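The structure under discussion appears below in the form of structure tokens.
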Amino acid sequence: KNQVEQSPQSLIILEGKNCTLQCNYTVSPFSNLRWYKQDTGRGPVSLTIMTFSENTKSNGRYTATLDADTKQSSLHITASQLSDSASYICVVRSDYQLIWGAGTKLIIKP
Amino acid sequence: DTAVSQTPKYLVTQMGNDKSIKCEQNLGHDTMYWYKQDSKKFLKIMFSYNNKELIINETVPNRFSPKSPDKAHLNLHINSLELGDSAVYFCASSQEAYVRDGYTFGSGTRLTVV
């Protein structure tokens, strides 16, 4: 069964600290993996997309990694800011299907 | 502003009523979607339209009926609302279906059935 699991479910860190969010998937065939950021009361916004051949991709303070062998991805946030408080959702595309994770709720405290 | 806009943002209604949620995108995208986000925060696709034609119709009750008058609009009509329909409904669009482009989401409609 195609599944996307994210951990932790929620995370609280202090402003300025770094953090890493995890995404494990059992999806076949694999097309791509995308990380979305969803602010409270808003729709998800794409942060980055990873294809099979890509190991690392950065978007500002966000760095996503992909290990296609172990079927794991991570999203690393550097020097967190209050505006990073949101849910981060991992989504894996398999052919014509999108499999959504439940997200990690990240809270940044001043 | 170029965006996906959906209305209303909040909708509170009684069981058994019929309601509609409207969605419009001015991005020139060919494909539009309706997603339901339940209390556990999973986003589940309900419908997808490409150029006004239905291409994805997941297993949802037939009380839910999408209507696409043109490729810039995809409305969701719900008949005989039930308590379990309470959720946040997101409209989204993308340039093409089935390719690597990301979706642009609306801000969501929080539906509460009482």
Side-chain angles (χ1 to χ4, degrees), chain A residues 1-11 21 23 25 27 29-54 57 59 62 64 66 75 85-107, chain B residues 1-11 21 23-25 27 29 31-50 54-59 74 87-112:
Chain A
K1 181 182 177 183
N2 286 335
Q3 279 187 320
V4 174
E5 295 183 351
Q6 294 187 240
S7 61
Q9 191 172 25
S10 61
L11 181 62
L21 314 180
C23 173
Y25 60 92
V27 175
F30 174 88
S31 295
N32 61 54
L33 182 149
R34 191 181 289 271
W35 283 94
Y36 280 90
K37 178 187 179 188
Q38 184 177 15
D39 292 313
T40 302
R42 306 298 298 271
V45 175
S46 178
L47 291 175
T48 185
I49 181 172
M50 308 286 289
T51 57
F52 188 85
S53 59
E54 294 172 313
K57 185 175 283 188
N59 177 4
Y62 300 102
L66 175 66
L75 181 69
S85 293
S87 289
Y88 292 83
I89 306 172
C90 175
V91 186
V92 179
R93 180 180 288 278
S94 173
D95 284 344
Y96 302 147
Q97 187 182 14
L98 283 181
I99 299 97
W100 293 74
T104 292
K105 187 174 177 64
L106 176 64
I107 298 172
Chain B
D1 287 342
T2 55
V4 177
S5 57
Q6 50 183 112
T7 55
K9 190 167 177 64
Y10 300 97
L11 183 55
I21 307 173
C23 180
E24 175 182 6
Q25 55 95 4
L27 298 162
H29 287 170
T31 308
M32 295 185 72
Y33 312 82
W34 275 109
Y35 275 83
K36 179 181 179 181
Q37 188 171 40
D38 58 25
S39 57
K40 295 184 179 179
K41 302 303 181 185
F42 276 106
L43 272 156
K44 295 181 181 178
I45 190 164
M46 301 174 69
F47 302 101
S48 173
Y49 268 73
N50 179 262
L54 181 65
I55 55 173
I56 294 176
N57 184 3
E58 293 296 313
T59 305
L74 182 61
V88 182
Y89 292 84
F90 285 99
C91 178
S93 71
S94 65
Q95 180 56 43
E96 298 175 53
Y98 312 142
V99 292
R100 56 173 283 159
D101 60 316
Y103 294 178
T104 302
F105 281 85
S107 296
T109 295
R110 181 174 292 278
L111 172 65
T112 304

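Letters A, B, ... are given to chains in the order of the sequence lines, protein chains preceding strands, and every chain is numbered from 1. A quick note: this is a predicted structure, and the numbers were derived from the prediction, not measured.
- Nearest heavy atoms, B/K9 versus A/G41: NZ-O, 3.2 Å.
- Ring pair B/Y103/A/W100 is tilted by interplanar angle, where 30° to 60° counts as tilted.
- Considering only residues two or more places apart in sequence or on other chains, A/K105 meets the salt bridge (charged side-chain N to carboxylate O under 4.0 Å, His left out) condition with none of them.
- Of the listed residues (A/G101, A/S46, A/A102), the one with the most heavy-atom contacts under 4.5 Å to chain B is A/A102.
- B/F90 and A/G43 make their closest contact through CE2-CA, 3.4 Å (heavy atoms, listed as atom of the first residue, atom of the second, distance).
- Of the two parts of B/I45, neither the backbone nor the side chain holds a non-hydrogen atom closer than 4.5 Å to a non-hydrogen atom of chain A.
- If you measure heavy-atom distances from B/Q6 to chain A, you find no contacts under 4.5 Å at all.
- Between B/Y33 and A/L98, every side-chain heavy-atom pair lies at or beyond the 4.5 Å cut-off.
- To the nearest 0.5 angstrom, A/I89 atom CD1 is 6.0 Å from B/Q37 atom CD.
- For the side chain to side chain contact (heavy atoms under 4.5 Å, CB included) test, residues two or more places apart in sequence or in another chain that qualify with A/N2 are A/V27, A/S94, A/Q97, A/I99.
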